[in-house]
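The block underneath contains the structure these notes are about, expressed in structure tokens.
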Amino acid sequence: MNILVLGSGAREHSICWAVKKSKSCEKLFCSPGNAGIQKIAVCEFINLKKKIQILDFCKNNSIDLVIIGPEEYLADGVSDYLQNKGIKTFGPVKKAAKLETSKSFAKSFLLKNKILTPKYRKFTAVNKAINYLNSINFPIVIKADGLAAGKGVIICKNLNEAEQTIKLMMKKKKFGDAGKKIIIEEFIDGFEISYFSFFDKKTFLPLGYALDHKRAFDNDLGPNTGGMGCFTPSKKVSKNLEKKIIKNIIEKTFLGFKKESFTYRGILFFGLIIKNNEPYVIEYNVRFGDPECQTLLRKLNTDFLEIIASITKDELGKIKITNSRKSVVCVVLASKGYPESYNKEILIPNLKKIKDDEKTIIFHAGTKNLSSNYFSNGGRVLSVTSTGKTIEEARKSAYKVLKKLNWKDGFYRKDIGFKNF
Ligand code: GLY
């Protein structure tokens with residue numbers, strides 16, 4: 001099969017890495033890609049906002065399957081468009097992507113299907129939202145309804161913070177149109193995990209979970225980011241809890257899909273919060289997480305491309321997923337200043353000296369190659385992903401490589417995998 005991957009993050013690098021290992025992969029393309037992906041795939045520029053250009057590329061390169069990484073292209077209906085033109089895609093259609101692009105849609109889906117989720121109210125008027133604050137206890141969670149690059153969820157400890165947040169989202173339009181509508185949600189005091197399952201029309205197949213670190217700095221301080229690191233497994237996630245997640249959440253979601261006017265084919269990311277051993281859904285994402293994907297694909301022993309290809313034929317039922325027993329730790333190296341403003345095109349001098357090995361793979365995100373040197377090209381720059389018999393072993397390997405990289409213009413959290421509960 002000839003494969004085209006859309007995206008440029010470390011998530012897409014790990015997807016390319018996993019696809020490339022498959023015996024069914026003939027030619028691998030990625031757009032736009034990055035300096036790491038360039039080493040294993042042909043990276044081409046396609047204007048991804050122009051669907052016809054994607055289609056032309058597919059026709060010209062005999063592409064059999066397009067794997068769509070980021071949510072923005074799913075929200076834009078790239079999957080629908082390509083499927084209608086006879087090209088197979090991995091990634092749900094636009095109607096299904098609403099589970100991520102509209103928090104209120106996701107919430108009403110959850111309620112309709114009796115899936116445990118924090119209580120909420122939705123608002124389109126600032127004054128009504130502010131008035132509502134007088135009738136509730138704090139802390140609360142305020143969420144922009146639409147896509148906000150992982151930054152549209154704010155925990156407010158008191159009335160003042162909540163009022164400011166509502167004004168920021170709805171009046172000052174901090175997240176543009178994504179904040180026209182907001183959700184005010186009950187705060188559940190628990191721990192978060194990201195759980196993943198594949199879906200096709202006939203069945204679902206759980207992949208596993210990872211624990212993400214969303215805040216920029218150690219001890220969960222600083223602003224929210226796309227994710228600064230991950231680990232799997234966690235001592236707090238028992239077999240019993242996983243069974244509950246599969247039965248009470250994933251299966252109910254699958255049954256819920258049967259009542260909708262869309263078919264969900266792809267991976268679904270369940271953002272869960274666990275309190276008293278009860279999983280609550282706090283969000284759905286219609287794609288792999290980043291850095292969760294880099295973490296989970298290091299454990300996957302089943303041929304990744306075969307899983308994806310089976311979904312396009314509604315043959316997921318024929319696949320058995322096997323994951324290795326390894327622990328995985330992934331630490332993100334980001335440009336200083338991320339998630340706010342940061343400089344680009346800064347040399348990462350030691351990167352070309354470090355070779356991947358059995359334990360550690362460096363997945364690239366915001367990187368580019370200029371005169372055989374690696375330069376930064378984004379906020380999150382690298383995902384250093386290590387395996388080990390234990391979390392501690394994996395963590396040591398990852399941090400050893402980060403020390404060797406010794407990138408003065410970047411930063412990373414020093415506590416990934418320490419909080420193994
Ligand atoms: N790491 C969280 C996300 O991908 O949304």
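Just follow the structure's listing: the first ligand is 1, and inside any ligand the first atom is 1. Reckoned from all heavy atoms, side chains included, excluding hydrogens, waters and symmetry mates.
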Atom indices of ligand 1 within 4.0 angstrom of [X] heavy atoms, with elements:
{"X": "Gly226", "answer": "1 (N), 2 (C), 3 (C)"}
{"X": "Asp212", "answer": "1 (N), 2 (C)"}
{"X": "Gly289", "answer": "4 (O)"}

*Could you tell me whether Lys103 and Glu185 make a salt bridge, using a distance below 4.0 angstrom between a side-chain N and a carboxylate O?*
no

*Look at Lys368 together with Glu345 and state whether they make a salt bridge at an N to O cut-off of under 4.0 Å.*
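Yes, charged N to carboxylate O under 4.0 Å.
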
*Is it the side chain (CB and beyond), the backbone, both or neither of Arg11 that lies under 4.0 Å from ligand 1, heavy atoms counted?*
neither

_Below a 4.0 angstrom heavy-atom separation, can you tell me which part of Arg287, side chain or backbone, both or neither, approaches ligand 1?_
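Side chain only.
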
*Could you establish whether Phe269 and ligand 1 come within less than 4.0 Å of each other, counting only heavy atoms on the residue side?*
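Judged by the 4.0 Å heavy-atom criterion, Phe269 does count as contacting ligand 1.
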
*asked:* So for ligand 1, is Lys214 a polar contact partner (N or O within less than 3.5 Å, distance only)?
replied: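 Min N/O separation from ligand 1 is not below 3.5 Å for Lys214.
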
Closer than 3.5 angstrom, by distance alone: can the side chain of [X] be matched with the main-chain N or O of [Y] as a donor-acceptor pair?
{"X": "Glu100", "Y": "Val286", "result": "yes"}
{"X": "Arg121", "Y": "Ile184", "result": "no"}
{"X": "Ser24", "Y": "Met1", "result": "no"}

*asked:* Exactly one of Asn323, Val328, Thr232 should register a side-chain contact (heavy atoms from CB on, under 4.5 Å) with Arg298. Which one does?
replied: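 Exactly one option meets the side-chain contact (heavy atoms from CB on, under 4.5 Å) with Arg298, and it is Val328.
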
